[in-house]
Amino acid sequence: MISMKNLILVRNKEGIKKMRPTTQLKRTVEWTIDNKKLKIINVPYEKLPVDGEIFYDADVSIRIMMLKDLMFADRIPPIVDYEIVKDFPV
């Protein structure tokens, strides 16, 4: 039996195939919007052996967008450590 956890579907010329991420890493995501610098540090991502592309988990993507909106609206500080919010429900 193959565990479906941490499998990612990738579409290429041959069709869709399942791949396991090679590495889980952390990075900083930054934006400059209307001269406001916004930054989220320690964001987890996975790198697949497909042209070195970077993939974020769906929950991570949702949290990143929520944090960006809150930072832009000055509801939270402009620099956030993802580790603090990683277990917040989405």
Side-chain angles (χ1 to χ4, degrees):
M1 181 174 184
I2 297 174
S3 169
M4 295 300 286
K5 185 172 174 130
N6 294 329
L7 284 179
I8 297 174
L9 298 178
V10 176
R11 180 180 293 213
N12 59 15
K13 295 175 190 171
E14 292 82 39
I16 297 175
K17 60 183 177 178
K18 296 175 194 167
M19 300 187 77
R20 290 200 183 279
T22 57
T23 314
Q24 184 169 23
L25 305 166
K26 294 187 180 186
R27 68 182 306 187
T28 298
V29 179
E30 299 178 85
W31 301 270
T32 301
I33 305 170
D34 290 341
N35 293 324
K36 287 185 179 184
K37 293 186 186 257
L38 312 173
K39 184 188 292 189
I40 306 172
I41 60 173
N42 294 321
V43 178
Y45 71 97
E46 295 169 343
K47 199 167 191 173
L48 290 177
V50 179
D51 300 325
E53 291 188 41
I54 293 172
F55 293 89
Y56 296 105
D57 183 68
D59 289 347
V60 172
S61 296
I62 292 168
R63 281 189 196 93
I64 289 172
M65 294 289 85
M66 289 187 326
L67 290 169
K68 181 178 102 173
D69 291 343
L70 290 169
M71 289 187 293
F72 184 70
D74 293 325
R75 306 290 249 155
I76 60 175
I79 299 174
V80 175
D81 186 344
Y82 188 85
E83 290 293 316
I84 296 171
V85 299
K86 71 180 181 182
D87 296 322
F88 288 7
V90 291

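Bear in mind the structure is a predicted one, so any value in this text is a computation, not a measurement.
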Next on the checklist: Is there a path of hydrophobic side-chain contacts, each under 4.5 Å between heavy atoms of I/L/V/M/F/W/Y residues, joining V60 to V90?
Outcome noted: no
Item to check | Within-4.5 Å side-chain heavy-atom neighbours: L25 and R27 | outcome: no
Next on the checklist: With a 4.5 Å cut-off on side-chain heavy atoms, are W31 and M71 touching?
Outcome noted: yes
Checklist entry - Would a hydrophobic clustering, with Ile, Leu, Val, Met, Phe, Trp and Tyr connected at side-chain separations under 4.5 Å, put I79 with V85? => result no
Next on the checklist: Rounded to the nearest 0.5 Å, what separates atom CD1 in I40 from atom CD1 in I84?
Outcome noted: 11.5 Å
Next on the checklist: A side-chain contact here means heavy atoms from C-beta on lying under 4.5 Å apart; do V43 and Y56 qualify?
Outcome noted: yes
Checklist entry - Under 4.5 Å between side-chain heavy atoms, hopping through other hydrophobics if needed: is there a path connecting M65 to I76? => result yes
Checklist entry - Nearest 0.5 Å, what's the CG-NZ distance between L38 and K68? => result 8.5 Å
Checklist entry - Atom CG of L67 and atom CG of D81: how far apart are they, to the nearest 0.5 Å? => result 10.5 Å
Checklist entry - Closest approach of K37 and P78, non-hydrogen atoms and distance? => result O-CB, 3.5 Å
Checklist entry - Between atom CG of L70 and atom CZ of R63, what is the distance when rounded to the nearest 0.5 Å? => result 13.0 Å
Next on the checklist: A side-chain contact here means heavy atoms from C-beta on lying under 4.5 Å apart; do K86 and N42 qualify?
Outcome noted: no
Next on the checklist: Hydrophobic cluster membership, with links at side-chain heavy-atom distances under 4.5 Å among I/L/V/M/F/W/Y: are M66 and F72 in one?
Outcome noted: no
Item to check | Cluster check I64, I41: I/L/V/M/F/W/Y, side chain < 4.5 angstrom | outcome: no
Checklist entry - Do the side chains of D74 and K36 get nearer than 4.5 Å, heavy atoms only? => result yes
